[in-house]
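Report on one structure; see the data block that follows.
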Amino acid sequence: MKTISLLNLKGGVAKSFTSLNMAYELWRRGNRVLLWDNDKQGNLSKAFARYEAEQTAPVARILSGDWQNSEELIQATDYEGIDIITANLSLFGAAWNLVKEGGADMTERYRRFLKAGINNQTGDSICESYDYCIIDNPPDIGINVVNALVVTDEVIVPVKIDENALEGLDIVAGQIEDAKALNPSLELKGVLITIYQNTDGEAAGLEWLRQEWDNAESKHYRQYKVLGRIRYSAKVVENSFVKKPIYEYSPCCGAAQDYKHFVTSYTGIGR
Ligand SMILES: Nc1ncnc2c1ncn2[C@@H]1O[C@H](COP(=O)(O)OP(=O)(O)OP(=O)(O)O)[C@@H](O)[C@H]1O
Ligand SMILES: [Mg+2]
């Protein structure tokens with residue numbers, strides 16, 4: 001299983017939307033995908049109509065270590081082959097308590113789950129049960145995000161081009177460097193330009209960002225490779241009420257085509 005984290009300290013840059021559509025595109029290519037909602041807002045859980053406000057969310061139980069049977073923490077979605085670990089506001093309390101209590105294993109809770117969890121039907125470990133795990137992170141770096149980085153192979157940073165696009169990117173890259181002490185196989189793959197409007201302004205902005213990244217003195221900035229570009233689509237805005245993968249709602253729109261091409265170029269597997 002390859003684990004990919006979507007991470008940026010900025011909100012509204014399409015971390016959740018990219019998680020949803022990457023999962024869908026991987027699934028369309030025949031992969032089994034585990035989605036991990038690591039954001040107390042629960043937007044990914046809502047997108048798959050699996051959000052529950054009242055109960056302690058599975059992700060909070062994993063962070064607290066309060067679980068015996070991994071099966072009950074993973075839910076099927078309407079797409080056979082995409083499963084989800086859901087989140088809600090209880091993740092906030094779980095993270096707070098974990099930091100308050102401290103403890104040597106506080107960064108190992110997600111790893112413990114992935115190592116110890118067993119699929120009851122097949123007897124396989126969780127890692128054997130899926131081809132990909134996609135983690136949708138919140139716009140901050142708390143203990144739940146550190147736990148996510150400990151189990152992540154590759155980080156993709158979605159970036160929306162505006163005058164503040166660079167804000168916080170050096171912190172993200174610094175955190176990834178630090179987390180390598182806990183997980184040596186962690187790799188920052190690069191940025192995915194999202195919600196891109198093909199105006200002269202944004203094209204110039206993208207060019208400027210590329211130069212900034214190439215010329216920056218900080219080694220952190222220089223790690224940013226542009227992996228792809230997803231266009232803004234009015235269809236996405238309409239779809240936010242329907243909540244479907246964009247390829248199902250409007251397969252020809254720019255965003256659907258761009259996610260398709262991005263996943264093909266990222267994995268090397270076309271569809
Ligand atoms: N290609 C696109 N075209 C138009 N709108 C888009 C596109 N991608 C994402 N959006 C919209 O942008 C908004 C923010 O997206 P999303 O919730 O995925 O961001 P986020 O980074 O996960 O935010 P947060 O940090 O709050 O979790 C959503 O309303 C989403 O529908
Ligand atoms: Mg989100």
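In what follows, residues are counted from 1 in the order of the sequence shown.
Residues Tyr132 and Ile4 form a side-chain contact, since some pair of their non-hydrogen atoms from C-beta on lies under 4.5 Å apart. Residues Asn8 and Leu169 are in side-chain contact: their nearest non-hydrogen atoms beyond the backbone lie under 4.5 Å apart. For the pair Ile176 and Val172, the minimum side-chain heavy-atom distance is below 4.5 Å. By the 4.5 Å heavy-atom criterion applied to side chains, Asp66 and Thr56 are not counted as neighbours. Taking 4.5 Å as the limit, every side-chain heavy atom of Val59 sits out of range of all side-chain heavy atoms of Asn144. Inter-residue side-chain proximity for Ile193 and Glu202 is flagged as unmet; no heavy-atom pair is nearer than 4.5 Å. Side-chain atoms of Ile230 and Asn21, non-hydrogen and from C-beta on, never get closer than 4.5 Å to each other.
Applying the salt bridge (charged side-chain N to carboxylate O under 4.0 Å, His left out) test to Arg229 and every residue at least two apart in sequence or in another chain returns nothing. For Lys115, the side-chain hydrogen bond (donor to acceptor under 3.5 Å, both in side chains) test picks out no residue, with sequence neighbours left out. Not a single side-chain hydrogen bond (donor to acceptor under 3.5 Å, both in side chains) links Asn164 to another residue, sequence neighbours left out. Applying the side-chain contact (heavy atoms from CB on, under 4.5 Å) criterion to Ile195, with sequence neighbours excluded, gives Ala14, Lys160, Tyr232. Scored by the side-chain hydrogen bond (donor to acceptor under 3.5 Å, both in side chains) test, Ser16 finds Asp136 as partners (sequence neighbours excluded). In terms of the ring pair (Phe, Tyr, Trp, His ring centres under 6.0 Å) criterion, residue partners of Phe262 (sequence neighbours excluded) are, by chain and number, Tyr266. Scanning for side-chain contact (heavy atoms from CB on, under 4.5 Å) contacts around Pro251 gives Tyr247, with sequence neighbours left out. In this structure, the ring pair (Phe, Tyr, Trp, His ring centres under 6.0 Å) partners of Trp27, at least two apart in sequence or on a different chain, are Tyr24, Tyr79.
The two residues Ala203 and Tyr196 have their closest heavy-atom pair at CA-OH, 3.3 Å. Of all the heavy atoms in Trp67 and Ala116, the pair that sits closest is CH2-CB, 4.0 Å. Leu20 and Pro245 get closest at one heavy-atom pair: CD1-CG, 4.2 Å. Closest heavy-atom contact between Asp37 and Leu44: OD2-N, 3.5 Å. When all heavy atoms are compared, the tightest approach of Val145 to Asp140 is CG2-O, 3.3 Å. Pairing each heavy atom of Asn239 with each of Lys244, the nearest pair is ND2-O, 2.7 Å.
Taking CD from Glu167 and CG from Asp162, the interatomic distance works out to 8.5 Å, rounded to the nearest 0.5 Å. The CG atom of Leu63 lies 5.0 Å from the CG atom of Leu98; values are rounded to the nearest 0.5 Å. We find the CG-CE distance between Leu6 and Met22 to be 6.5 Å, quoted to the nearest 0.5 Å. The structure places CD1 of Ile126 at 4.5 Å from OG of Ser70, a figure rounded to the nearest 0.5 Å. If you take OG on Ser240 and NZ on Lys46, they are separated by 13.0 Å, rounding to the nearest 0.5 Å. Asn31 CG to Tyr130 OH: the interatomic distance, rounded to the nearest 0.5 Å, is 13.0 Å.
At a threshold of 4.5 Å between side-chain heavy atoms, the hydrophobic network of Ile, Leu, Val, Met, Phe, Trp and Tyr places Val99 and Ile62 in one connected group. The hydrophobic clustering, which links ILVMFWY residues whose side-chain heavy atoms are closer than 4.5 Å, places Leu7 and Val191 together. Under a hydrophobic-cluster definition in which Ile, Leu, Val, Met, Phe, Trp and Tyr are linked whenever side-chain heavy atoms come within less than 4.5 Å, directly or via other members, Ile171 and Val157 are assigned to the same cluster. In the hydrophobic clustering of ILVMFWY residues, with side-chain heavy atoms under 4.5 Å counting as a link, Tyr51 and Ile84 come out apart. The hydrophobic clustering, which links ILVMFWY residues whose side-chain heavy atoms are closer than 4.5 Å, places Val226 and Val159 together.
Pairs engaging residues 96-110 under the salt bridge (Lys or Arg N to Asp or Glu O under 4.0 Å) rule: Asp105-Arg109, Glu108-Arg111 [sequence neighbours left out]. Each salt bridge (Lys or Arg N to Asp or Glu O under 4.0 Å) pair with one or both residues in residues 13-33, not counting sequence neighbours, appears once here: Glu25-Arg28, Glu25-Arg29, Arg32-Asp131. Among residue pairs with one or both ends in residues 79-96, none qualify as salt bridge (Lys or Arg N to Asp or Glu O under 4.0 Å); sequence neighbours excluded.
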* To do: For side chain to side chain contact (heavy atoms under 4.5 Å, CB included), just list the numbers for Phe113 and Ile74, CA-CA rounded to whole Å, side-chain angles, deciding distance to a tenth of an Å, and then say yes or no.
  => CA-CA 11 Å; Phe113 178 76; Ile74 298 178; 4.1 Å; yes
* **Derivation and outcome, side chain to side chain contact (heavy atoms under 4.5 Å, CB included), residues Ile246 and Cys253** => CA-CA 8 Å; Ile246 190 62; Cys253 80; 3.7 Å; yes
* To do: For the pair Tyr110 and Val150, evaluate side chain to side chain contact (heavy atoms under 4.5 Å, CB included) and give the outcome as yes or no after the intermediate values.
  => CA-CA 8 Å; Tyr110 288 7; Val150 168; over 6 Å; no
* **Worked verdict on Lys180 versus Leu188 for side chain to side chain contact (heavy atoms under 4.5 Å, CB included)** => CA-CA 10 Å; Lys180 283 183 183 170; Leu188 171 54; over 6 Å; no
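A donor-acceptor distance shorter than 3.5 angstrom exists from the side chain of Asn183 to the backbone of Leu149, with no hydrogens or angles considered. Of the possible donor and acceptor atoms, none in the side chain of Ser233 sits under 3.5 Å from a partner among the backbone N and O of Val236. Of the possible donor and acceptor atoms, one in the side chain of Asp153 sits under 3.5 Å from a partner among the backbone N and O of Thr3.
Taking 4.0 Å as the cut-off between side-chain N and carboxylate O, Arg231 and Asp258 count as a salt-bridged pair.
Side-chain atoms of Gln41 and Asp39 form a donor-acceptor pair, as typed in the model, at a separation below 3.5 Å. Judged by distance alone, the side chains of Asn137 and Ser5 do bring a donor and an acceptor atom under 3.5 Å apart.
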Residues 86-95, side-chain donor-acceptor partners within the protein, below 3.5 Å, at least two apart:
| from | atom 1 | to | atom 2 | distance (Å) |
| --- | --- | --- | --- | --- |
| Asn88 | OD1 | Ser90 | N | 2.8 |
| Asn88 | OD1 | Ser90 | OG | 2.5 |
| Asn88 | ND2 | Glu52 | O | 2.7 |
| Asn88 | ND2 | Gln55 | O | 2.7 |
| Ser90 | OG | Ala57 | N | 2.9 |

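Each of Thr107, Val151, Asn147 was checked for a side-chain contact (heavy atoms from CB on, under 4.5 Å) with Leu182, and the lone residue meeting it is Thr107.
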